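Here is the structure we will look at.
Throughout, protein chains are lettered first and strands after them, A, B, ... in sequence-line order, and every chain is numbered starting at 1. Side chains included, hydrogens not; waters and symmetry mates left out as well; all remaining heavy atoms used. The shown structure was predicted, so the numbers you read here are calculated from the model rather than taken from an experiment.
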Amino acid sequence: MPSYDVLNPQQQQAVTAPLRPTLVIAGPGSGKTRVLTHRIAYLIQHEHIPPASILAVTFTNKAAMEMRNRVDDLLAADGAPEKSGAVRLGTFHANCARILRREANALPFNHDFVIYDDSDQISLTRQISKDLGVDTKKFNPRKIHALISRAKNELVTAEYFPSDSYLMEITRRVFEQYEKRLLYNNALDFDDLLLWTVSLLRDAPLVQAKYREMYPHILVDEFQDTNTAQYALLSALTQPQPDLFVVGDPDQSIYRWRGADIRNVQRFKEDYPDAQTILLEQNYRSTQTILDAAMAVIDRNTNREVKKLFTDLGQGEPIYLQEAYDETDEARNVVDTVRRLTRKGDFQLGDIAVMYRTNAQSRPLEDAFFQAGLNYRLVGAQRFYGRREIKDIIAYLRITHNTRDEISLLRVINTPARGIGAKTIATLQEMSAQQDLPLADILQHIADEEPLMLNTFSSRAQRALAHFNYLWKDWRELSDSLPLAVLMDRILEDVRYQDFLEDGSEEGEERWANVLELRAAADEFADVGLGTFLEHVALVSDQDTLTEDQDAPTLLTLHAAKGLEFPVVIIIGLDDGVLPHMRSMDDPEAMAEERRLFYVGITRTMKRLYLFRAFRRRLGGSSGPTETSRFLRDLPLDLLEGDRPRRTSWHENAYKRTTRWEPPGSSQPASLRFRAGMRVRHASFGEGIVLQSEARQGDEEVTITFEDGRTKHLLASLAKLTILSEA
DNA sequence: GCATCGGATTTTTTT
DNA sequence: AATCCGATGC
């Protein structure tokens, strides 16, 4: 795309809209980013707005960076002397963290606060539940925390948390403690970043005035996925008729479960009745076939404004459907497709993306790519920063930065094992609670051999604690003077972390390699310091780690695909229960979101779209037959090629793939003894699985794949087959 | 205090 | 299937 793009009339209208509330409803591929970047350049260049008074909120840090680059390109292309450097560009969370650190003196925590990620939040919830005597078996800390998080996203504090059921009452109590403990640990969770900023702005008029003045021009990307707290934040930051420019697409809202509320779009219209609404419908990304399919899918959702997506890129190729036997087979189909597409040089490897509903689905894909000797780029999955060894090292760094971070302290105080066992830790915690002193202080007292502490611990435990305290103190003293990576080396050495990991197993080697990778990352933060590094670690997203430098297919979830585009898209797992996901089946709102998710996936496609499914799939532990995703049946047949989107039945398609098919309804009656998916035993071939079975001149021909890999066509009347299990 | 084993429980998506 | 938790035995 040229750095200075030609804008269509609607885009032009949006870019040059008056500096008042503006809502841009942007269909997929309609040049949303183009509009945002041009708008920023326009503000700077034509409205002579100082870059520093512009705040632009994006969904990921990567999007922020890209936007900055593109704004700079635009400014440079026009010979403008300004740069975008001073524009405040980042996610809601990153911007809030920044404000909170700066204003910490007006808040009940100090500017060194750490940010608790998901697993820290769960740990804390679990600990509190235990302290309160809540049965964590019956009341899963995960679920409790989800309720707390939801409340916080809705700006509901513990005080106002409804307790209309036993579960809610339990949650309310945990919630109360949870908030206290966060503050006590000088820690904030993700939700706090938004929440504290909102309350700061609401309760401190001077601070509010300051930031209103600082950022009179605000732009928000992916507005459809803002939650209540984020909306409140925008309201608190703006005057009654602000220059608030929001861009979004209700059809692409896929974060309801995280508190995102599409109604914010409606709310915006109500709160700013004079807001100009601009609709971008022309698509510059996809072929008309892709758009027709996308519309066929999304039009089934109710309560939405129908958009007519159109393109002048032409009809393009049909969408290709393929049904595999199981997820391994499906993955092989992916690899075959990748090979076929790239062999003739029509597409580069990097042009291709494989998308799926759940991270677990990446596994068979990775195996298949590995076997085929193909590289791939994996977004997310087992998040790097979520790995055990990485969390350990981060925890060490965190306690060095913020001595009150108890969750991190408890994580590493005995990792690697150093003789500080559960009993000792419990005693420590008791003392801390009794004397109302942070654990760090207790440790120091013990190390100082204060008489009060002497008889509480065995001399062995005491020595272990004193030693740990000694190391810890050392790190704290060094943390200011040593470069980050050197500090990390020191910690690793002090605790003999390498020995701890490298137990001779391959896994251990891998984990140590991860640690070294973290060290390399830390090296890049040498001059900004520990605090910045820790914040970075807490706030990077999966998408942020996606680099363009490798010519390889991208593997990612549909959620992570938001905002991206690829010449070729392969969406796998189009089975009922996977997409739409099982957990959404009983909730119409959730189902609508599954549909939007599919819509997002389809509309990432520029040229070629492949929709794959597996007839049989392993879900969790066991595997069983699946049914074709109901979404597939919404696709107009004339857009499709390959297998037919029928309810089930690998067997009907496997051996007679056609390029075009006759309309459904011509299949055989179901009076056969064997059905695809059954397990059977044959006297000489052993156990096998029925692939297909069809009527043949009064008899039944059964196709079976046996355990040894052989596939046989047998006549039911002749072969001695025992049915072991129905499908 | 620690290692190991068994069992339960889980996984949807993520800033 | 994988992880995480808790109990058990050393």
Should A:Asp192 and A:Lys152 be marked as a salt bridge (Lys or Arg N to Asp or Glu O under 4.0 Å) after you check the CA-CA gap, both sets of side-chain angles, and the distance that decides it?
CA-CA 8 Å; A:Asp192 279 335; A:Lys152 291 174 81 164; 2.8 Å; yes

Take A:Lys62 and A:Glu66 through the test salt bridge (Lys or Arg N to Asp or Glu O under 4.0 Å) and record every step on the way to the result.
CA-CA 6 Å; A:Lys62 177 164 174 267; A:Glu66 279 175 4; 3.4 Å; yes

Run A:Asp131 and A:Arg181 through salt bridge (Lys or Arg N to Asp or Glu O under 4.0 Å) and show every step you take.
CA-CA 12 Å; A:Asp131 289 351; A:Arg181 292 279 286 275; 3.3 Å; yes

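Closest contact between the side chain of A:Lys143 and the listed nucleotides B:dT15, B:dT10, B:dT13 involves B:dT10. Set against B:dT11, B:dG1, B:dT13, the side chain of A:Lys423 has B:dG1 as its closest nucleotide. Side chain of A:Phe190, nearest nucleotide from B:dT11, B:dT14, B:dT15: B:dT15.
Atom CG of A:Asp117 and atom P of B:dT15 are 11 Å apart (whole Å). Computed from coordinates, the A:Arg618 CZ to C:dA2 C1' distance equals 13 Å when rounded to whole Å. Rounded to an integer number of Å, the gap from A:Asp118 CG to B:dT13 C1' is 12 Å. Distance CG (A:Asp189) to C1' (B:dT15): 11 Å, rounded to an integer number of Å. Atom CG in A:Asp191 sits roughly 11 Å away from atom C1' in B:dT14 (whole-Å rounding). One atom, CD1 of A:Ile144, and another, P of B:dT9, lie 15 Å apart when rounded to the nearest Å. Going from atom CZ of A:Phe59 over to atom C1' of B:dT14 covers 8 Å, rounded to whole Å. For the pair A:Leu100 CG and B:dT15 P, the computed distance is 19 Å after rounding to whole Å.
Interatomic distance, A:Asn186 CG to A:Leu182 CG, rounded to the nearest 0.5 Å: 10.5 Å.
Taking the six-membered ring where tryptophan is involved, the planes of A:Tyr166 and A:Phe139 are tilted, since the angle between them lies from 30° to 60°. The aromatic rings of A:Tyr231 and A:Phe223 sit tilted, their planes meeting at an angle between 30° and 60°. Relative ring orientation between A:Tyr497 and A:Phe500 is described as tilted, the plane-to-plane angle lying within the 30° to 60° band.
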Pick out the pairs of N or O atoms, protein on one side and nucleotides 2-5 of chain B on the other, that lie under 3.5 Å.
residue	atom	partner	partner atom	Å
B:dC2	OP1	A:Gly419	N	2.7
B:dC2	OP2	A:Asn414	ND2	3.2

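At B:dT13, one or more side-chain N or O atoms of A:Asn359 fall inside 4.0 Å of OP1 or OP2 (strictly under the cut-off). Considering only side-chain N and O atoms, A:Thr424 lies under 4.0 angstrom from the phosphate OP1 or OP2 of B:dG1. Close to B:dT13, at under 4.0 Å from its OP1 or OP2, lies no side-chain N or O of A:Arg258. Between A:Arg388 and the phosphate of C:dT3, there is no side-chain N or O to OP1/OP2 separation shorter than 4.0 Å.
Secondary structure note: stems in DNA chain C built from 3 or more consecutive Watson-Crick or G-U wobble pairs under 3.5 Å occupy B:1-10 with C:1-10.
Applying the 6.0 Å contact sphere to CZ of A:Arg263 captures no more than 12 heavy atoms from other residues, nucleotides or ligands. Residue A:His536 qualifies as enclosed at atom NE2: its count of foreign heavy atoms under 6.0 Å is above 12.
Taking every heavy atom of both residues into account, A:Thr626 and A:Ala614 meet most closely at OG1-O, 2.7 Å.
If you check every strand for non-hydrogen atoms under 4.0 Å, A:Asn140 touches sugar and phosphate atoms only. Using a 4.0 Å heavy-atom cutoff across all strands shown, A:Tyr255 reaches sugar-phosphate atoms only and no base atom. Among the atoms of the strands shown, none is found under 4.0 Å from any heavy atom of A:Arg460. Note on A:Arg126: only backbone sugar-phosphate atoms sit closer than 4.0 angstrom, heavy atoms only; bases stay farther off.
Comparing A:Gln121 and A:Ala461 against DNA chain B, the residue whose closest nucleotide sits nearer the 5' end is A:Ala461.
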